[in-house]
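Data block below; observations after.
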Amino acid sequence: MAPEGPPQDREKEVWWLQVKVWSMAVISISLLSACFVVSSVVTYSNSVYSKNKKLSKLQEYQQFYSSLTCVIGGKEVEDWSCCPTLWSSFQSSCYFVSAVKQSWAEHWKNCSRMGAALAVISTEDEQDFITQNLNEESAYFMGLSDPEGQRTYCIWVDRTPYNESATFWHSGEPNNPSERCVIVNFRHPSRQWGWNDIDCHEPEKSICEMTKIYL
Ligand SMILES: *[C@@H]1O[C@H](CO)[C@@H](O)[C@H](O)[C@H]1NC(C)=O
Ligand SMILES: *[C@@H]1O[C@H](CO)[C@@H](O)[C@H](O)[C@H]1NC(C)=O
């Protein structure tokens with residue numbers, strides 16, 4: 001028989017080992033559940049926080065727009081990107097077509113009353129989106145004007161620089177320095193939407209644009 005000490009000591013050792021293993025297991029499980037509880041509480045309070053933030057922002061905007069239509073996922077995954085209901089949305093903007101015929105200046109005021117501005121068209125995609133639902137027989141003021149009657153002074157209402165190589169004038173336009181406002185309309189011979197300079201007092205429809213609201 002090998003000298004392994006008295007059988008009583010062996011039993012004690014095994015018992016201690018079992019106690020240690022079980023204690024480790026219990027401690028690990030407790031730690032894991034503590035982590036789980038903490039992370040749940042953090043996630044929950046974050047979602048409550050972001051819900052409250054959304055609600056208070058929503059209340060702010062309710063003074064201006066009776067209802068907003070939102071899409072989940074904006075700049076951040078948990079953001080909502082919204083446009084006033086009945087406005088259409090494209091990339092980071094919302095658009096509204098005003099079918100009332102009035103001067104450029106009246107449209108300018110109407111758009112700004114709605115927290116928007118006359119539309120600034122910067123790309124062909126944007127123009128294609130805006131014009132897809134417009135009436136081919138109508139003309140629509142946009143945010144481009146030439147207040148001094150100097151072709152080089154064309155400015156957008158939001159003061160983005162006028163970029164000659166991102167313009168969509170109809171051929172032969174602009175053609176008259178006394179026509180200081182710009183419309184987008186459809187021309188049948190070329191079957192294209194494009195820009196034309198017209199008299200600012202001529203009553204036409206318009207397109208307003210605003211940046212999407214992120215809740
Ligand atoms: C724009 O304002 C005029 C008054 O200046 C008003 O008669 C018209 O209904 C308004 N149009 C829109 C689309 O808000
Ligand atoms: C002007 O428009 C062209 C064509 O879309 C674009 O490549 C260029 O970056 C624009 N320039 C500025 C200064 O925005």
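Side chains are part of it too, since the values below use all heavy atoms of this structure and drop only hydrogens, waters and symmetry mates. All values derive from a computational prediction rather than experimental measurement. Remember, it's 1-based here, ligands and their atoms both numbered in the order they're listed.
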**Study point:** Whether K101 side chain and E202 backbone form a donor-acceptor pair below 3.5 Å
**Key:** no
Point to revise | Geometric class of the Y61/Y65 ring pair [parallel <30°, tilted 30-60°, perpendicular >60°] | key: parallel
Review point. Heavy-atom distance from atom 9 (O) of ligand 2 to the protein below 4.0 Å?
Key: no
**Study point:** atom 4 (C) of ligand 2: nearest protein contact (heavy atom, Å)
**Key:** S165 O, 3.9 Å
Practice item. May I ask you to say whether K57 pairs ionically with E60, meaning some side-chain N is under 4.0 Å from a carboxylate O? Key: no
Point to revise | Aromatic plane relationship, F90 with Y95 - under 30° parallel, 30 to 60° tilted, over 60° perpendicular | key: tilted
Point to revise | Protein contact to atom 2 (O) of ligand 2 [nearest heavy atom, distance to 0.1 Å] | key: N163 ND2, 2.4 Å
Point to revise | Top protein contact for atom 5 (O) of ligand 2, by heavy-atom distance | key: A166 CB, 4.0 Å
